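Chain A is the first sequence line, chain B the second, and so forth, proteins listed ahead of strands; every chain is numbered from 1. Note that the structure is predicted; figures quoted are calculated from it, not measured.
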Amino acid sequence: MRWTQTFIPTLKETPAEAEIASHQLLLRAGLVRKVSGGLYTFLPLGVRVLRKIERIVREEMDRAGALEVSMPCLQPPELWQQSGRYTTAAEVLYHVFDRAKKEWVLSPTAEEVITHLAAGELGSYRQLPKNFYQIGIKFRDEIRPRFGLMRAREFLMKDAYSFDVSDAAAQVSYEKMYRAYARIFARCGLRTFPVEADTGVIGGSLSHEFMVPAETGENEVVYCETGTYAANIEKATSRGPRLPTPQQSTGPAPEKFSTPGVVTIEALAAAPYSVPAHHQIKTLVYLLDSQPTLVLLRGDDQLNEAKLLARTGAARARPATPEECKATLGAHPGSLGAVRATLRRPVRVLADLALRGAAGMATGANEDGFHLRHVDLARDVVVDQWADLRTVQAGELDVATGQPLKIRRAIEVGHVFKLGTKYSEKLNACFLDETGQRQPAVMGCYGIGITRTLQAIIEQQHDRDGILWPLTTAPYAVCLTPLNVAPDSAPMRLAEQLYAELTARGVEVLLDDRDERPGVKFKDADLVGFPLRVNLGEKALARGEIELKPRGGTLTPVKIEAAREAILEWLRAESARLEATVPPA
RNA sequence: CGGAGCGUAGCUCAGCCGGGUAGAGCGCCAGCUUUGGGAGCUGGGUGUCGCAGGUUCGAAUCCUGUCGCUCCGACCA
């Protein structure tokens with residue numbers, strides 16, 4: 001391709017709308033343009049990168065035995081009602097209406113449709129296992145689209161769904177996908193690491209996310225530096241808080257004391273009360289599927305809402321309003337407690353495991369302006385359910401190794417789930433086993449955000465001057481840069497010759513035939529980030545040389561006669577270097 | 001959904017406080033010069049000042065509403 005024949009609208013200045021580097025570079029390098037918040041048009045270079053990623057994904061899905069299908073974006077709401085997600089995933093569903101005012105939903109994912117297919121087609125154990133995948137547009141009514149393609153209303157996703165005869169067989173399918181994902185991201189030149197993940201609204205029992213470490217990521221990952229443990233903070237556990245929970249009773253019964261105006265853990269920890277945060281019981285009021293519930297944590301701990309949902313099986317949880325707290329417990333937030341004697345009526349109580357055996361604690365008295373001390377949990381509180389509900393903090397010890405845990409931010413680019421039979425039961429995707437018994441298929445589902453992966457590559461691999469595309473995902477591998485584009489000039493004649501020869505060998509070459517000053521061409525090539533730039537200037541040509549300039553590498557002069565082979569050799573070496581990072585299939 | 005900020009030329013932004021003919025740089029078009037890291041000079045078109053009302057002799061500027069964009073939050077009692 002010639003630069004003047006394609007469309008690469010680079011920007012010298014950073015668009016005001018873009019906050020993070022990858023979003024700025026997407027726009028500046030001319031890969032995308034915004035249509036509206038969370039909606040983008042992909043320009044020729046952007047489309048080329050998307051196709052590169054898609055191709056790698058297809059090759060690895062096919063290699064893993066998955067079968068490509070294509071499902072509609074427009075889906076009947078009845079299927080979503082059948083799975084229950086019409087309600088539980090209501091926030092992300094877009095609804096549209098046809099001329100007869102019939103409702104449809106725009107697919108945010110396709111468990112329902114694929115399970116519907118399986119229900120009709122997979123009747124025998126002889127047909128299993130099967131794994132179907134597609135690459136297509138997904139729609140999600142995001143609360144707040146942001147960071148360009150990172151969180152968009154509409155995005156390109158690879159989604160796959162496996163059906164197996166048993167949990168053990170489903171585990172095999174899961175592991176195949178897990179390995180395929182590791183290969184896909186490595187082939188894309190992206191450094192990722194898998195972490196244990198919460199299953200959330202999708203449901204299921206086992207789940208890993210593939211994360212790209214990045215300060216701009218929206219996820220927090222808890223990990224042990226030994227490399228043996230990494231988990232999304234929504235899922236992560238540890239050996240518990242660093243400060244031990246007091247276990248010594250300090251009095252025969254709870255004692256009320258006056259705390260006017262004290263409504264925070266910090267205020268009670270300060271003078272004159274001086275009750276350390278880890279000697280306090282934090283009492284949160286939540287509505288779990290509309291049922292008021294007290295959630296008890298140590299004063300210095302933070303509730304993990306994902307855990308709350310996972311441990312209780314509730315579909316929805318929200319904190320009670322101050323008015324609801326008052327109605328339930330007779331006091332406002334800041335003075336709440338679960339001590340049996342202060343409750344006007346029974347309320348369900350959940351307590352975090354860090355409070356096991358807690359004694360000599362302080363908590364709210366359910367009376368504004370008063371707290372209780374000498375509270376022994378076992379003696380004074382009726383706990384209906386104990387569970388791990390707290391958010392792990394950096395520095396706590398890893399359960400397995402005992403090493404201190406660290407926390408870092410990351411971008412989620414892929415997610416694999418072991419689903420079990422949640423969808424197959426609801427949508428009746430059953431098969432007959434060897435004995436003629438009807439059984440629900442055991443499912444897994446597997447997603448990769450293609451457009452997010454594209455941006456994550458940029459976020460991970462850029463410098464001050466622009467993008468550094470890995471060879472495998474670059475829009476063009478080589479940018480030929482003649483510094484004189486007059487048709488009969490020596491630089492242009494040689495450029496044309498190399499262009500023809502390289503193209504004939506299957507190399508993706510962009511010929512910068514613009515009549516621009518060298519500085520402009522160099523800046524643009526760096527901005528877009530072609531892996532290899534080949535400079536063809538009259539000065540070097542006079543010495544019988546051209547120059548290879550790998551993006552992010554050093555300028556190397558090469559004799560004209562050896563130019564073509566040197567370029568091909570550089571591409572081979574670079575390709576091999578990337579290939580070495582890819583785990584075996 | 002709550003909070004904050006911003007909407008002026010294709011892009012980055014000034015002008016708004018204190019109302020009085022719409023501005024700069026970059027880009028774009030033409031010409032000359034220049035040619036190894038976003039050149040210089042000359043000339044040129046650049047616009048519903050987001051939209052709708054209101055106040056005023058007069059509104060980009062003041063007021064009201066509305067739409068859009070960006071960021072933060074939407075558990076921490």
Side-chain angles (χ1 to χ4, degrees), chain A residues 9-20 23-24 27-28 30 33-39 91 141-148 216 218 234 259 262-268 277 280-288 294-309 317-322 324-326 328-329 331-338 352 363-364 366 368 371 389-391 393 464-466 481-486 489 491 514-527 533 535-543 545-547 549 555 557:
Chain A
T10 57
L11 301 174
K12 224 191 265 195
E13 289 180 278
T14 303
E17 73 193 49
E19 199 75 12
I20 66 174
H23 187 195
Q24 293 170 354
L27 295 163
R28 288 192 58 211
R33 285 293 182 263
K34 185 176 71 174
V35 175
S36 178
L39 296 172
E91 317 83 64
D141 189 359
E142 292 288 348
I143 295 172
R144 181 149 81 92
R146 61 178 138 183
F147 300 149
T216 54
E218 298 188 272
E234 295 182 338
T259 53
V262 171
V263 294
T264 61
I265 300 286
E266 295 71 41
L268 196 61
Q280 299 184 40
I281 300 170
K282 179 188 286 190
T283 307
L284 310 175
V285 183
Y286 262 76
L287 295 176
L288 294 180
L294 302 190
V295 180
L296 308 187
L297 294 158
R298 231 173 65 167
D300 56 342
D301 272 338
Q302 314 291 327
L303 174 65
N304 186 323
E305 257 188 30
K307 287 184 179 178
L308 178 63
L309 289 169
R318 71 164 174 87
T321 64
E324 288 165 339
C325 290
K326 173 82 177 171
T328 306
L329 294 174
H332 288 101
S335 306
L336 306 177
D352 180 68
T363 191
N366 285 330
D368 288 350
H371 279 78
L389 299 169
R390 61 188 296 276
T391 303
Q393 297 180 36
R464 215 178 49 222
D465 297 316
T481 309
L483 300 183
N484 180 345
V485 296
S489 68
R514 294 176 300 168
D515 186 12
E516 288 285 356
R517 297 166 59 83
V520 173
K521 297 181 152 202
F522 293 156
K523 287 285 186 190
D524 268 348
D526 287 353
L527 177 59
R533 191 178 75 216
N535 295 343
L536 303 134
E538 265 155 347
K539 288 181 187 169
L541 286 183
R543 296 192 300 268
E545 291 172 345
I546 58 145
E547 294 148 351
K549 173 67 175 68
L555 196 79

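Set against B:G37, B:A77, B:G38, the side chain of A:L336 has B:A77 as its closest nucleotide. Comparing B:C72, B:G37, B:G38 by their nearest atom to the side chain of A:D524 picks out B:G38. Comparing B:A77, B:G38, B:G36 by their nearest atom to the side chain of A:P319 picks out B:A77. For A:A16, taking side-chain heavy atoms from C-beta onward, the closest of the listed nucleotides B:C13, B:G37, B:C71 is B:C13. If you check B:G25, B:G38, B:C69 against the side chain of A:E13, the one that comes closest is B:G25. With distances taken from any side-chain atom of A:E305 to the nucleotides B:G37, B:C75, B:G36, the minimum falls on B:C75.
Using the Watson-Crick or G-U wobble rule with both distances under 3.5 Å, B:C62 pairs with B:G54. Base pairing of B:C16: no nucleotide in any strand meets the Watson-Crick or G-U wobble criterion (both distances under 3.5 Å). Using Watson-Crick or G-U wobble geometry with both donor-acceptor distances under 3.5 Å, B:G36 finds no partner in any strand shown. As the counterpart of B:C26, B:G10 is assigned, both hydrogen-bonding distances of the Watson-Crick or G-U wobble pattern falling under 3.5 Å. Base pairing of B:U70 is made with B:A4, judged by Watson-Crick or G-U wobble geometry with both donor-acceptor distances under 3.5 Å. Pairing partner, B:C75: none, since no Watson-Crick or wobble contact has both distances short of 3.5 Å. With a cut-off of 3.5 Å on both pairing distances, B:G47 has no Watson-Crick or G-U wobble partner at all.
Taking atom P in both B:C49 and B:U8, one finds a spacing of 11 Å when rounded to whole Å. Nucleotides B:A9 and B:U48 are separated by 13 Å at their C1' atoms, to the nearest Å. Rounded to whole Å, the separation between the P atoms of B:U55 and B:A74 comes to 44 Å. On the P atoms, B:G50 is 15 Å away from B:C16, given to the nearest whole Å. A distance of about 11 Å separates the C1' atoms of B:U46 and B:G27, rounded to the whole Å. Taking atom P in both B:C41 and B:U34, one finds a spacing of 15 Å when rounded to whole Å.
Residue-level contact check: A:G37 touches the backbone only, with heavy atoms under 4.0 Å from sugar-phosphate atoms and none from bases. Residue-level contact check: A:T391 touches neither bases nor backbone, having no heavy atom under 4.0 Å from any strand. Residue A:L297 is classed as having no contact, given no heavy-atom separation below 4.0 Å to the nucleic acid. Counting non-hydrogen atoms under 4.0 angstrom, A:N535 reaches a base of the nucleic acid. Residue contacts for A:R28: at a heavy-atom cut-off of 4.0 Å it reaches a base atom on one of the strands shown. Heavy atoms of A:P15 sit under 4.0 angstrom from primed sugar atoms or phosphate atoms, though from no base atom. Within 4.0 Å of A:K521, counting heavy atoms only, lies no atom of the nucleic acid at all.
Using a 4.0 Å cut-off between a side-chain N of Lys or Arg and a carboxylate O of Asp or Glu, A:K307 and A:E234 do not qualify as a salt bridge. Classification of A:R146 and A:E19 as a salt-bridged pair fails, no side-chain N sitting under 4.0 Å from a carboxylate O. Between A:D300 and A:K282 no salt bridge is recorded (no basic side-chain N to carboxylate O distance below 4.0 Å).
A:N304 places no side-chain N or O within donor-acceptor distance of the main-chain N or O of A:L389, the cut-off being under 3.5 Å. The backbone N or O of A:H332 sits less than 3.5 Å from a side-chain atom of A:D368, completing a donor-acceptor pair. Panel note: side chain A:E547, backbone A:L555; no donor-acceptor pair is recorded below 3.5 Å.
Position along RNA chain B of the nearest nucleotide to A:T14 versus A:L483 favours A:T14 as the more 5'-ward residue. Looking at which nucleotide of RNA chain B each of A:K34 and A:A317 is closest to, the 5′-most match is held by A:K34.
A:R517 has no side-chain polar atom (N or O) that falls below the 4.0 Å cut-off from OP1 or OP2 of B:G36.
Residue A:E538 places no side-chain atom within donor-acceptor reach of the base of B:G36, judged by atom type and a 3.5 Å distance cut-off alone.
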